[in-house]
Every structure is written in structure tokens, then in C-alpha cells.
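Convention: sequence-line order gives letters A, B, ...; per-chain numbering from 1.
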Amino acid sequence: MTETLPQQYTTDLPAAWTPAEVEQGMYQRWVDNGYFTADASSDKPPFCIVLPPPNVTGSLHMGHALNHTVMDALTRRRRMQGYEALWLPGMDHAGIATQNVVERQLAGEGLSRHDLGRERFVERVWEWKAEYGGKILDQMRRLGDGIDWGRERFTMDPGLSRAVQTIFKKLFDDGLAYRAERITNWCPRCLTALSDIEVEHSEDEGELVSIRYGDGEASIVVATTRAETMLGDTAIAVHPEDERYRHLVGTEVELPLTGRRIPVVADEHVDPSFGTGAVKVTPAHDPNDFEIGQRHSLPSLTVMDERGVITANGPFQGLDRFEARPAVVAALRELGRIVAEKRPYLHSVGHCSRCDTVVEPRLSLQWFVKVAPLAQAAGDAVRDGRTTIHPPELAKRYFDWVDNLHDWCISRQLWWGHRIPIWYGPDGEVVCVGPDEQPPTGEGWHQDEDVLDTWFSSGLWPFSTLGWPDRTADLARFYPTSVLSTGYDILFFWVARMMMMGLYAMDGVPPFEHVYLHGLIRDASGKKMSKSRGNVIDPLAWLDAYGADAARFTLARGANPGSDMALAEEWAAGSRNFCTKLWNASRFALLNGATTARPVPAREQLTDADRWILDRAEQLVSEVDELFERFEFAKLCEALYHFTWDEYCDWYLELAKVQIAEGGERAEATRTVLGHVLDTVLRLLHPVIPFVTEQLWTALTGGETVVLAQWPTSTGVPTDTVAARRIESVQKLVTEVRRFRSDQGLKPGQRVAARLSGVDGADIAGHLGAVRSLARLTEPEDSFTASASLEVALAGGLVLVELDTSGTIDVVAERRRLAKDLSAAEKELAQCDGKLNNPAFVDKAPAQVVDKIKVRREAAVADIARITARLDALPEG
RNA sequence: GGACGCAUAGCUCAGCGGGAGAGCAUCCGCCUUACAAGCGGAGGGUCGCAGGUUCGAACCCUGCUGCGUCCA
């Protein structure tokens, strides 16, 4: 057979894989050729992932890199499986973050947003976006994201803004969006309300001050960590059953420093066992106090402005809240009102998740979404299995949240965002304006000043990006989406809200079939990465140093469901080594004429090694498939790594060398097996490491691209167990000889004459050439004198290997080697006897387990006898 | 304060009822004609502690300790 091998490809393959030189051009070719462009009109089954939109201000961090690797792998595999695969990109407008960035820029020019005015400021933000926004999109290209760039979306785009307005109107009309005066989480720095989950609690050091209110008989001690709020107290509350204070309920006591008299009220929500059992009530500055105030019709006295500066008349007016606190305490101390002070006092303090400023509960008029009915539906969709959460342990957390949800504060006192489509009339009219409606005009009409929470528009992402509210082809084709992949840290912020909004907007159809939640990235010692710790690893540094494939493989390989991932530079280097290994193995295969141009010959024309590696590849396909379906990225990477390195490279390539050396039909058959197995591996690896596999696969097959290659499927050929057993025997024999050689200090390259007996019984007579090649043994010649020997127990029987080491052997080393084997066998025997001598075990354990132990025992006994005999035969060392 | 998760080799993690595993790190020997980003070999663990269930527990149950996360 002298047919043409695809030589043009083999010679094209450089000696080394140089990702930096190849990746960008390769990526651009993929995009230009439209491989990632989804066709809504095809008749393929749909597969769709919407990208969790990164902030327009953001840049790529490891968490993104992980999530993108996952999404890309899922999408690429489906594409290869023949799905119409759409991975839809975009960004969100990040209200507070973006406004902050542009305000900082303005501050550099000595301006505030108020100097520009709302309209000009918003223009300015758009200008900023055009110039600096979306850096992350370019970084995504470097990662190799197989994304449909033609469908890129932005939450502030006209289409998505229209979706926001439409859904707001629907919520308003259904009575699910309402305006109310409530205590909300307020950031005195960002000057806006926040939703509950945008507040992060931490245990901070503060002070607990006990203050005596009233005098003499009518005095009550209350404790507080926020002394300055006492200026706004309008009552003291005690538990109605509390005997200590029963006589005071209904009376009034003097509020120090203010001269005001405030009532003592009885409220069941007061915990009589905490502190003195009496609490001060500041309805305008505390959510619990607000509730008490409502129940007892107490006035709400606001004593701070939006920046946290005291407004109450008196000596504290104009002080910041943190200056006012010690000042108030000092003044109270002077009056002899301080009963106790505990400092430092650890307690939970809320911080703005954006800027870390201590959140100030503030009474204000805000818009809310009534979430109860939406949350119920969102919970049910998961409960009844229409949407599956992976890993399932996280579903419980999801339920806990959606089942105990407070109404969602959606208005933000910002300028950058979707302005609330509510117009107020001169006579108190409130009109909600839909997307195709004209807002009312005329004297006294004005639009609500606030914008909507960014998460409100993000919540619409799975359908707004597909064209909703229009009934587009994309929407019909790709909704509900297949998988939503994101970190579990935004399960509530985003996933739960998309579930609520999707079910609400799309007639009860949930937005995803599967929700995959990956873990968080940590440093090598398991600590959270943060700028302050200085342990952040920049993914771009990895892309530069090791290539995109290595970075991706590292992340995918660490992605065990439900657990966080520790990362270190060595991990990436290891992945780079794997890519190099794959490269070199492919180069070897190609240099030796590996090909997919011919089909693999019929089984009976193949060797045990061929059949074994083909069967293993077959098993690998099913294993990888199953692991993909279960989102087990770490395990599927491990399986691919192990097969490629430990089986294909370490054994089959070595065995193939022997077969190719035979020449003729054997060599030709080997070339097709080499080629087909490599082809399978490259296709299986492509979703995770797209670049190197593309170059190798096109070189191997001459095909246009592996991006569109067909995903491997099982052929259904049954495993050849005889071939597998023989190869395992060869592996064991070779390994034992190598071990002997190493123990005896024989150089790896040194060829040693050897005589093998018992190979027929062990059923490996056909593999002597391979054994000799892999163990570096040569045929015994006439002068052969066995100076050393070892026995290897194989599945079929014992093999004796006699070696001519042309000299003496290291008796001490050999004795040590045998002693070790003996000790292992004795331990095995003891273990087996321990079980078999236990009547309860023999009686109750399943027969197959008992039989297995018996077989193991027999083997151990035989080993002991054999090794003991050899030790006895050994000369004194 | 409530809930959950995790404790397995030096490090990071698999395994979750019947012979303790991987990657990295370590030690020894090698530039053996694809690969020193490599090859061959080796060492290393009372599977957090204490009970219990079971013929049998790293694995199931209870308690404890330590660490972490989420919610208040």
C-alpha cells in the first residue's frame, strides 16, 4: 500500500505548539467563517445559553474565565452534536458602578453630574461607554469564546429598554409594582436606595451604650449601638408580659438632650431576655422600629439627611453620623445618663455591596415589586422539575430564598439606567406609560426621577435579548434557553429574579432547562481572591504565559460541582504541559503516517493493542458524554487527561512503534488506528481546549475545522476483554521488569538480554516483541548466561524473566525488593484470613464477595511461597 | 442567633458500604530515535476526634472540635 498520506499537513506541523502566535488568527477565522452564528431557521434542535452579562465597566477575572470555559465547552459540544447552538453575548449597564466611574471622571474636571444636568450627564455616560466600555468583550475573544457576536446585546439598548418598560407596565397594571414609604437600605455615599441583597453584613467592632431615659421611679435603661439615633426616638418599647416595666406602659418618660417626652409602649416583638428588655424606638431610622411605630401610631422623626448628616435642631446639627455618635454619648455622659458602655462591641453591620459604606436605614418613598406570586412560581418551576439546578444541594438554598422573600425595592436615585415610566399629574394622578404610549403632557405633569435597579433589566435577559416583547424567530426558537451557567454567589441576585421574570413574562415557561452553578475561585491556599489580600490572579497573565487552552483546561479541571476551586500558577503550567504532550503525541503520530483517510480495518485484522485502545476510546466517549450531561467538568477533564497521557501516549504509542516497525499491512493498520483514536481524542477535547485541537485536527484529517466536526459517538462494538487482559498483562510485566531494572541500578537506556518463559501460559506469547521493546530487553544469544531473574504473576500464569546483566546482581537491593513484595503479600493474606475466619462474614456477606476474598487469599498464599523460595535461594548479601 | 457545607498523602482535591486514589510537590536514575514543558522507578495517609449501626465503615447515624459560606 503506497497511497498518499496527508503529507502536506504533517510537514506543516511545527515542532512546538506556540499558542501566542496562533490563537488570535485562528479565532478570527472561526468568527469570519460564521461558525458561531446561529441560524434561527435551521431544522436542527436548538441549544441556547445566554451569557451572564458582565458589567460594561468590568474586565475579565478568573470567575468569568471559569464560567466562560464552562459555557463554551457546553456550546461547542452541542454544536458538534448537530444542535443549532447559540451562545448569546452582551453586557449590562451597571447603574451605580458606571455612574460612579463617570462621576469620578467628571470630578477630575472639577464638575459634578449636577453641573451637567441629567440629559447631558447621560450623554456623557454613553460617550464613556463608546470609548472605554466593554473591554471584557475583547478579552472574551482571547479566551476563545465561541459566541455569536452578531447577537450582542446591552441592557440599555432600545430593544431591551422597551422590554423593561413593557414588563414594568405589566407589573404596574397587575398591581405588582407599587410605590410606598418604607425604611430602605440607603447608601449615604451612592445616595440611593439598595435592595436587601445589595447589603453585605459583617461582624464589626462598635460600641454598646446603655442609656437611662426618664428619672427616678419612671426610668428605663435602653442599650444601643447607634446612640446618635436617640435624637429621633419617639417611644420606648417593652414586652407586654414583662413585669419589670408593666407599671410604666402608657406613661411618658423624658428623652434626654431633647427635652421631649416619649411614651412607653408594649409590643410583643420586643425580646424581654435581651439586654434590659427595653428598646428605644426610632421609626425613621430602623426597620424594626418602623414596624413598631406603625403598630402604635408613633410619629417618625427624621434626624439625618441623605448623606448621614444630623439635621435635628441642636448642638449636633451638621455633624456626620459617625461624629455625632461620640458627641451624643459624651453629652449623655455629662448628664449622668450613661449606665454602661461596652467597647469594642462586635455586632452585625450592613455595608453597601458597591462601595462598602455603612448602610443607613432610611425612610423614603420607593418603588417595589410585590414578589410573593412571582416567587411562588419561581419555586414551583424547580420543585416540579421544569428547571433543574446543578448541583442539587443548591436547590435548597434557592427554595429558602424564594420562599421567604421581602418585596424588592427597585427604584434607584441615579441618572444612569431605565427611568421609571411613571408620570405624576398636578392632581395626584399616577400614570404608567407603556412603550408605544405617549406620556401625558401639560402643566404639572412630570416623570418619576428615579431609575430601575440594574438587576431589574438583567432579570429579563433570557428573553429580552431574544427580542421580547416582539414575537421574534429567535424567541420562538431559543426560549426557553438550555443552560444558565453562573457562580452560586449570584443565585439570588440574578438567577432567582430571571426565574421570576421569565415565568411572569413568558406565560409560565421558565427561562432555563438547567441551571449550572459553579464554585468560586480561590487562591492556592483556599482563600478568597481580593485586591486587598493581593492574591488575585489575572487570567490574562495566564493567557499570555500558557495560552488560552492551558488556562481553560486548568479551570475546567478544577470545576467540581458545589465546591470552590483553589488555583495556583503550577496548575496552569501542568495544563500547558498537557497541551504540549498532546502536541508531541500528535506530531509523532503524523510523522509516522497516522491517518483518518482510510477506515479502521476489520477487527480480526487488528492486534490486541489496536483493539484495546479502540475499546478504551469507545469507553472514553461514553464516559465523557455522561459526565458532560451531569456538568462534571473536573471529572471529564480527568478522564481525557488520563486516557491521552497514561494510555494513548504511555502505552499505545509505544506499542504502535513495534507494530509500525513490522511494516506492511500491520504498519498500515496501525497508522489508521493511531489516526482514528487521535481523531476521537481531539474531538472530545475540543470543547475544553479549542485552539490546539483545531490545529492538530486539521493537520491530521485535512478537514476544514474541528469546530464543526461531528461529536464522537459510540459504535456499539463490544469490548474485547481478551485483548484487554493481554494488554494489562503486558503492562504489568513491563512495569515489573522496569522496577527490577531500576532497583538493580540498570540504566534506562541499557539493553539487557533476557529469556522469558511461561509466556504461553500467561497468554502473551504474541507480545514478546512489545515486551522486549518497552522493557529494553534483547533476545538471548548463544553466550546468554542468566545472572538474575524475576517472576511476575500475571492473570494467566507466572512468567519467569531471566536476565543476563553480564555480572553480579545487587543482592541487597534484590533482597529489599523481595522483602517488600513479601510483606505486601503477607498483609494481604492476613486481611483475607481475618475475613474468612469470621463466621459472620462467610455467613452474611454476599457469595461473590466471599469468593473474591478466597481468590485473593489463594493468590497471596502462592505469592508468599514463591517469594520466600526466591529469598531462600538468594546468596547471602 | 438560624441554616448549610467541608475536614482523606506536604499542597489542592476525587472516592461516599466490601482491596486507600489523582494532579502538583518530594526522592532516585535517565538528553532511551514524539516529547527534559519529558521518560522510567520510588517514598509518603491510625481517611479531624469520640461513640453507634453493620459480617464489614474513609463512606451510614449521633455527639464533639476546627474551618468556611449563606441568611438574620
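For the pair A:Asn535 CG and B:U12 P, the interatomic distance rounds to 14 Å; values are reported in whole Å. Rounding to whole angstrom units, CG of residue A:Asp810 and P of B:G29 are separated by 14 Å. The distance between atom NE2 of A:His351 and atom P of B:C71, rounded to the nearest whole Å, is 14 Å. Nucleotide B:U32 holds its P atom 13 Å from the CZ atom of A:Arg741, rounded to whole Å. Atom CG in A:Asp743 sits roughly 12 Å away from atom C1' in B:G40 (whole-Å rounding). Between the CG atom of A:Leu591 and the C1' atom of B:C35 there is a distance of 12 Å, given to the nearest Å. The CZ-P distance, from A:Phe633 to B:C13, rounds to 19 Å in whole Å. When the C1' atom of B:C35 is taken as reference, atom CG of A:Leu13 falls 13 Å away, rounded to whole Å.
Secondary-structure stems of RNA chain B, taken as three or more successive Watson-Crick or G-U wobble pairs (i with j, i+1 with j-1) under a 3.5 Å distance threshold, comprise B:1-7 with B:65-71, B:10-13 with B:21-24, B:26-30 with B:38-42, B:48-52 with B:60-64.
Evaluation of atom-type donor-acceptor distances gives a pair under 3.5 Å for the side chain of A:Glu828 against the base of B:G19. Side-chain atoms of A:Lys581 come within donor-acceptor range of the base of B:C35, with a qualifying N/O pair under 3.5 Å. Between the base of B:G19 and the side chain of A:Arg856 there is a donor-acceptor pair shorter than 3.5 Å. With hydrogens and angles ignored, no donor-acceptor pair under 3.5 angstrom links the side chain of A:Glu632 to the base of B:A14.
A sub-4.0 Å separation between OP1 or OP2 of B:C70 and a side-chain N or O of A:Arg397 is absent. For B:C70, neither phosphate oxygen OP1 nor OP2 lies less than 4.0 angstrom from any side-chain nitrogen or oxygen of A:Lys396. Residue A:Asn577 has a polar side-chain atom (N or O) positioned under 4.0 Å from OP1 or OP2 of B:G38. Remark: A:Trp645 is in phosphate contact with B:C39, judged by side-chain N or O atoms under 4.0 Å from OP1 or OP2. Taking side-chain N and O atoms only, A:Ser563 has a distance below 4.0 Å to OP1 or OP2 of B:A14. Distances shown here put every side-chain N or O of A:Lys635 at or beyond 4.0 Å from the OP1 or OP2 atom of B:A22.
Comparing B:A14 with B:G19, their P atoms are spaced 22 Å from each other, to the whole Å. One C1' atom belongs to B:U53, the other to B:C61, and the distance between them is 7 Å to the nearest Å. Across the P atoms, B:C59 and B:G17 are found 11 Å apart, a figure rounded to whole Å. For the P atoms, the distance from B:A58 to B:C49 is 11 Å, rounded to whole Å. Across the P atoms, B:U62 and B:C24 are found 38 Å apart, a figure rounded to whole Å.
Nearest to the side-chain atoms of A:Trp571 among the listed nucleotides B:U12, B:C13, B:A37 stands B:U12. Listed nucleotides: B:C30, B:A34, B:G18. Nearest to the side chain of A:Pro846: B:G18.
With 3.5 Å as the limit, one finds a donor-acceptor pair spanning the side chains of A:Asp564 and A:Tyr488. Side-chain polar atoms of A:Tyr641 and A:Asp646 form no donor-acceptor pair below 3.5 angstrom.
Within 4.0 Å of A:Lys827, counting heavy atoms only, lies no atom of the nucleic acid at all. Using a 4.0 Å heavy-atom criterion, one finds that A:Asp843 contacts no nucleic acid atom at all. Residue contacts for A:Ser586: at a heavy-atom cut-off of 4.0 Å it reaches no nucleic acid atom on any strand shown. Across all strands shown, A:Glu654 has heavy atoms under 4.0 Å from base atoms, whether or not it also approaches the sugar-phosphate. Within 4.0 Å (heavy atoms only), A:Tyr641 reaches sugar-phosphate atoms of the nucleic acid but no base atom. Counting any heavy atom pair closer than 4.0 Å across all strands shown, A:Leu653 reaches a base atom.
Ion pairing of A:Glu728 with A:Arg725 is absent here, as no side-chain N (NZ or NE/NH1/NH2) approaches a carboxylate O to less than 4.0 Å. Salt-bridge annotation for A:Lys635 and A:Glu626: absent, with no side-chain N of the basic residue lying under 4.0 Å from a carboxylate O of the acidic one.
Each of A:Arg739, A:Lys732, A:Arg738 was checked for a salt bridge (charged side-chain N to carboxylate O under 4.0 Å, His left out) with A:Glu736, and the lone residue meeting it is A:Arg739.
Ring orientation note: the planes of A:Tyr546 and A:Trp542 are nearly perpendicular, at an angle over 60° on the 30°/60° scale.
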